[in-house]
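Everything below concerns the one structure shown next.
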2 protein chains.
Amino acid sequence: MAKETGRMSRTTIGESIDRNSFEPAYIQLVYILKKQVASGELRAGDRLPSESQICMQYKVSPMTVRRAINILSDQGVVDTAQGRGTFVKPLKLSTASFHLMELQEIFNNDRTNVSILEARIISADQKAALKLKVPEGERIIYIRRLLSRGDDPLLYHRECLVYDPERAVVESELEVTSLRCLFKGEESSDFKYGELSIEVTVINREEAEILQAQEGSAAFNLEHIFYDYSENPVSWGWFICRGDKLRFTSTLGFRSKEV
Amino acid sequence: MAKETGRMSRTTIGESIDRNSFEPAYIQLVYILKKQVASGELRAGDRLPSESQICMQYKVSPMTVRRAINILSDQGVVDTAQGRGTFVKPLKLSTASFHLMELQEIFNNDRTNVSILEARIISADQKAALKLKVPEGERIIYIRRLLSRGDDPLLYHRECLVYDPERAVVESELEVTSLRCLFKGEESSDFKYGELSIEVTVINREEAEILQAQEGSAAFNLEHIFYDYSENPVSWGWFICRGDKLRFTSTLGFRSKEV
DNA sequence: TAGTGGTCTAGACCACTTA
DNA sequence: AAGTGGTCTAGACCACTAG
């Protein structure tokens with residue numbers, strides 16, 4: 001939060017930039033402008049003061065104002081139109097974006113543990129062959145994992161990996177590879193890129209047993225494919241999560257308190 | 001895409017910035033650096049050349065390099081560390097974000113039509129009263145809509161609106177208000193902010209009939225609450241969409257072709 | 001101490017919109 | 001023609017990291 005130079009004021013008019021703050025001027029300016037939107041001082045469709053006006057008002061250089069406005073534009077708060085001005089964007093449902101933070105919590109929590117239910121070499125069926133771009137019948141690695149917290153099952157993961165004889169697969173690796181590193185994102189993974197999709201599904205008998213859920217209840221299905229640096233698929237898998245244990249949330253715009 | 005000044009080259013080394021291009025220098029620089037990541041020339045964990053090196057190499061000012069790197073940082077492609085350098089970020093599953101573009105298509109398509117199945121004034125039950133922050137039993141507006149394309153039902157929407165005697169609700173408004181404007185986002189809406197959540201559900205008898213789906217099959221449930229400028233809830237509703245008609249997709253990192 | 005990224009200045013020139 | 005945003009320069013000073 002921006003440090004206040006003067007006394008606390010209700011309105012944001014007159015708020016100024018503190019050059020001694022640990023926060024850079026452009027960030028303070030972003031907060032000031034956002035607060036004006038959040039408080040309703042500036043509403044959807046309204047035009048912001050021109051850049052030169054803002055320069056004078058807050059005693060900063062054009063580049064600093066530019067940078068603040070670029071950030072607001074990136075965040076979808078305003079739209080700029082050359083020659084016309086900068087305008088506050090109206091809400092738009094389809095610009096909402098959902099993050100996997102809800103899932104991240106599961107992976108980052110130390111109390112979450114991963115157990116391998118099964119790991120063996122199988123021959124690729126039609127679907128796996130298609131996804132992994134290997135010939136049908138090719139030997140691939142198949143892993144089933146359960147992520148849980150205490151006695152509470154959270155995610156049921158099934159994964160197919162291309163079998164690389166060069167790289168021996170050790171038990172410890174199974175637990176870590178492609179799961180831990182993907183969610184934590186600390187180590188540099190061997191994957192170049194990946195594709196994800198979220199679908200809905202109805203829990204079948206096997207899944208119901210493992211997740212201690214009711215057969216026929218709704219669940220999320222998060223499918224993933226990861227590719228190596230040669231752009232060949234390496235891992236294809238999917239997470240099943242009970243519908244009553246997960247929801248994705250998002251906010252459009254912001255309320256006064258948030259800024 | 002950046003216009004090429006010289007001949008086409010396989011490697012990105014030696015690629016330069018075209019000052020006559022319609023694309024600004026900093027954008028060209030973003031593309032050049034991204035291409036180096038996408039091609040595998042720069043891999044997760046690698047350090048980028050220092051800013052001053054990039055300045056010299058591409059003959060641009062420090063601020064231009066700064067800007068390009070800021071953009072890459074915003075996009076999650078690199079991480080910067082003061083005093084150490086700029087590094088290519090490894091993939092991280094939890095940073096994936098899903099957009100509602102798949103839904104946007106439904107709303108922006110001209111062939112999609114909205115029909116009102118029911119619109120009447122009811123008295124708020126416990127749940128609606130809670131969501132809309134009105135006393136239980138208060139008169140509210142209840143609307144059921146079906147979005148379809150031709151004979152193909154897409155979304156079943158139910159919505160509760162606070163009843164504002166000041167503002168008469170006319171039929172034409174019902175169709176447009178809070179739906180069209182929310183998805184198109186062209187007109188400035190009366191909403192200050194909104195909360196969205198995605199859950200999974202199993203289709204019940206009524207929904208099955210309306211969506212021509214099978215009872216007991218899986219579906220998405222997109223719930224929304226919108227607030228006015230006084231930060232009071234105005235609209236609470238939810239969209240039901242057959243699971244086999246919708247999936248949310250996302251990509252982590254990028255393949256060579258994409259840049 | 002040398003090198004890195006982080007911020008910021010005080011302008012300049014351009015393209016565009018509106019009147 | 002006047003005003004707007006869009007880009008860019010050529011430095012400056014600072015804070016941080018590493019050898």
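Letters A, B, ... are given to chains in the order of the sequence lines, protein chains preceding strands, and every chain is numbered from 1. None of the values given here were measured: they were computed from a predicted structure.
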Would you say R84(A) places a side-chain N or O within less than 4.0 Å of OP1 or OP2 belonging to dG5(D)?
no
Phosphate contact (dG3(D) OP1 or OP2) by S52(A) side-chain N/O below 4.0 Å
no
With the side chain defined as heavy atoms from C-beta on, A25(A) is closest, among dT17(D), dC8(C), dG5(C), to dC8(C)
If each of L48(B) and V60(A) is mapped to the nucleotide of DNA chain C with the nearest heavy atom, which maps nearer the 5' terminus, i.e. the 5' end?
L48(B)
CD1 of I69(A) versus P of dT4(D): gap in Å, rounded?
12 Å
Salt-bridge contact E195(A)-K131(A) (side-chain N to carboxylate O under 4.0 Å):
no
Whole angstrom is fine here: how far is it from CD1 in I27(B) over to C1' in dC8(D)?
14 Å
Give the rounded distance in Å between these two atoms: CZ of F87(A) and C1' of dT4(D).
9 Å
Starting at CG of L72(A) and ending at P of dG5(D), how long is that distance when rounded to a whole Å?
13 Å
Would you kindly give the CE-to-C1' distance between M63(A) and dT7(D), to the nearest whole Å?
8 Å
So, is R67(B) close to the dT7(D) phosphate, meaning a side-chain N or O under 4.0 Å from OP1 or OP2?
yes
Is there a side-chain contact between Y26(B) and the phosphate of dC8(D), meaning an N or O under 4.0 Å from OP1 or OP2?
no
For dT17(C), take OP1 and OP2 only and decide whether either is under 4.0 Å from a side-chain N or O of R47(A).
no
Hunt down the Watson-Crick or G-U wobble partner of dG19(D), both distances under 3.5 Å, from any strand shown, or write none.
none
Could you check, using the six-membered ring where one of them is a Trp, whether F226(A) and F191(A) have ring centers closer than 6.0 angstrom?
yes
When you get a sec, tell me which of dG5(C), dA10(D), dT4(D) is the closest nucleotide to the side chain of T80(B)?
dG5(C)
Find the distance I71(A):CD1 to dT7(C):C1' and express it as a whole number of Å.
12 Å
S50(A) side-chain N/O to dT4(D) phosphate OP1/OP2 under 4.0 Å:
yes
Side chain of P24(B), heavy atoms from C-beta onward: which of dT9(C), dG5(D), dT7(D) has the nearest atom to it?
dT7(D)
Among the nucleotides dG5(D), dT9(D), dG5(C), whichever has the atom closest to the side chain of E51(A) is dG5(D)
Residue T64(A), side-chain heavy atoms: nucleotide from dT7(D), dC16(D), dC8(C) that is nearest
dC8(C)
Whole Å only: how far is the NZ atom of K59(A) from the P atom of dC8(C)?
16 Å
Looking at K133(A) and E231(A), is there a salt bridge between them, counting it only when a charged N and a carboxylate O are closer than 4.0 Å?
no
dG5(C) phosphate, OP1 or OP2, under 4.0 Å from T86(B) side-chain N/O
yes
E23(B) atom CD is separated from dC8(D) atom C1', nearest whole Å, by 16 Å
Aromatic ring proximity, centroids under 6.0 angstrom, F254(B) and Y193(A)
no
Modelled atom types, side-chain donor and acceptor of W236(B) and E223(B), under 3.5 Å
yes
Can we say R247(B) and E102(B) salt-bridge, meaning some charged N sits less than 4.0 Å from an Asp/Glu carboxylate O?
no
